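Following: one structure in structure tokens, then a few remarks.
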Amino acid sequence: MPELPEVETIKLGLQKYLIGHTIKDVKVNKERLVSGDTTSILNAKVVKISRFGKGLVIDLSNKQSIAIHIKMTGQLIYRGSNMPVNSRPDYKKIGKLPGNFTHVTFLLDNGALYYNDMRQFGWIKILRSNKVKELSFFKSLGPEPLKDLDLKTFQSIVKNRKNPIKSILMEQKLIAGIGNIYANDALFVAKINPKRLSCTLSEKEIKNLFNAIEKVLKKGLETHGASKNHFVNALGETGNYQDFFKVYARVGKPCVDCGTKIQKIMFLGRGTFYCPNCQN
DNA sequence: AGTATCCTGGAA
DNA sequence: TTCCAGGATACT
């Protein structure tokens with residue numbers, strides 16, 4: 001599921017409900033997904049929640065942190081102790097918590113945070129706050145779009161390589177946070193074929209792509225993420241970006257610009273969607 | 001650059 | 001029953 005807009009949406013929700021609250025207990029049902037000492041965060045207060053690429057970091061008052069990557073099917077859902085669960089609008093989708101896929105539960109002084117992960121690809125690492133940046137995932141992250149990725153940096157990333165442009169967009173070491181959905185849609189907005197080698201892009205195309213990345217990520221943020229599959233926000237509610245997909249998951253449907261049928265191919269091991277007319 | 005891999009469920 | 005799924009990594 002989750003790419004930059006989705007993880008950012010979760011982050012904003014967690015900030016709202018967790019900051020200033022104390023972790024009273026941690027229950028781990030799937031040891032494989034968790035590393036570090038869970039007792040080291042008991043009675044610590046949540047002071048800060050950050051996102052780096054598709055990763056989340058919860059900083060605690062005792063200089064410990066919880067680093068989380070939810071990968072494909074992870075969910076972080078908060079339920080306050082005073083929320084009447086059965087009446088929640090998301091209850092039908094999420095159901096009882098903890099549920100079958102709840103692998104970790106953080107009990108707080110104001111409720112609980114549940115980590116669900118059907119495919120169990122995600123991870124939660126508990127460690128000293130000053131060690132987070134040493135984790136290989138965070139250490140190797142490239143610049144953040146909408147933040148420290150400027151056009152000049154983007155140009156040098158693109159020009160100096162002869163990889164397919166789609167692989168560059170999705171490479172977290174080069175640019176943080178873009179995954180398959182937003183890579184597909186950004187390439188469509190910029191009218192660039194996903195297979196094009198990056199070094200063959202003109203100045204104009206690079207600029208268009210840079211703007212397209214901003215545009216689709218901002219739309220993703222505005223619509224609170226894409227909930228085609230498992231993504232839900234910190235309250236278990238779905239997002240709306242799936243209603244604005246340009247090409248992603250729209251195989252056989254008409255291109256929003258020219259009406260040509262959107263094609264799907266397997267490329268770089270991922271479903272790749274494009275308009276054969278607009279994206280030559 | 002391509003493929004297998006960690007898992008499970010839903011769609012075809 | 002087979003294939004596919006938005007991630008990241010470790011191989012060839």
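It should be emphasised that the depicted structure is a prediction, and the values quoted were computed from it without experimental measurement. Labels below follow one simple rule: chain letters A, B, ... track the order of the sequence lines, proteins then strands, and each chain is numbered from 1.
- If A/G55 and A/G269 are placed on DNA chain C by their nearest nucleotide, the residue sitting closer to the 5' end is A/G269.
- As rounded to whole Å, 9 Å separates atom P of B/dC7 from atom CG of A/L33.
- Contact annotation: A/N180 side-chain N/O to C/dA5 OP1/OP2 distance is not under 4.0 Å.
- A stacking contact between A/F121 and C/dA8 is absent: the pair does not combine a ring-centre distance of less than 5.5 Å to the base's six-membered ring with planes differing by less than 30°.
- Annotation: cation-pi pair A/K246/A/Y248 absent, no NZ/CZ under 6.0 Å from the ring centroid and within 45° of its normal.
- Judged purely by distance below 3.5 Å, without hydrogens or angles, the side chains of A/N163 and A/S198 never pair a donor atom with an acceptor atom.
- Rounded to an integer number of Å, the gap from CE of A/M266 to C1' of C/dA5 is 9 Å.
- Taking the charged nitrogens against the carboxylate oxygens, A/K191 and A/E205 have no contact shorter than 4.0 Å, which rules out a salt bridge.
- A/R270 places its CZ atom 15 Å from the C1' atom of B/dA1, with the value rounded to the nearest Å.
- In terms of position on DNA chain C, the residue among A/S140 and A/Y248 whose nearest nucleotide sits closer to the 5' end is A/Y248.
- Under the side-chain contact (heavy atoms from CB on, under 4.5 Å) criterion, A/K204 pairs with A/S202, A/N208, not counting sequence neighbours.
- Using modelled atom types and a 3.5 Å distance limit, the side chains of A/H21 and A/D109 yield a donor-acceptor pair.
- Judged purely by distance below 3.5 Å, without hydrogens or angles, the side chains of A/N280 and A/Y274 never pair a donor atom with an acceptor atom.
- Close to C/dG7, at under 4.0 Å from its OP1 or OP2, lies no side-chain N or O of A/H69.
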Next on the checklist: Once pairs are restricted to Watson-Crick or G-U wobble with both distances under 3.5 Å, how does DNA chain B read as a dot-bracket string, [ ] for crossings and | for other-strand pairs?
Outcome noted: ||||||.|||||
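- Residues A/K166 and A/T272 have side chains that bring a donor and an acceptor to within less than 3.5 angstrom of each other.
- Under 4.0 angstrom from either OP1 or OP2 of C/dG7 there lies at least one side-chain N or O belonging to A/K54.
- By the 6.0 Å and 45° rule, A/K133 does not stack over the aromatic ring of A/F138.
- Atom CG in A/N184 sits roughly 11 Å away from atom P in C/dA5 (whole-Å rounding).
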What N/O pairs connect the protein and nucleotides 8-12 of chain B at under 3.5 Å? Give each pair on its own line.
none

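- A donor-acceptor contact closer than 3.5 angstrom is absent between the side chains of A/T238 and A/S227.
- Within the nucleic acid shown, A/G271 comes within 4.0 Å of sugar-phosphate atoms alone, with no base atom in reach, counting heavy atoms only.
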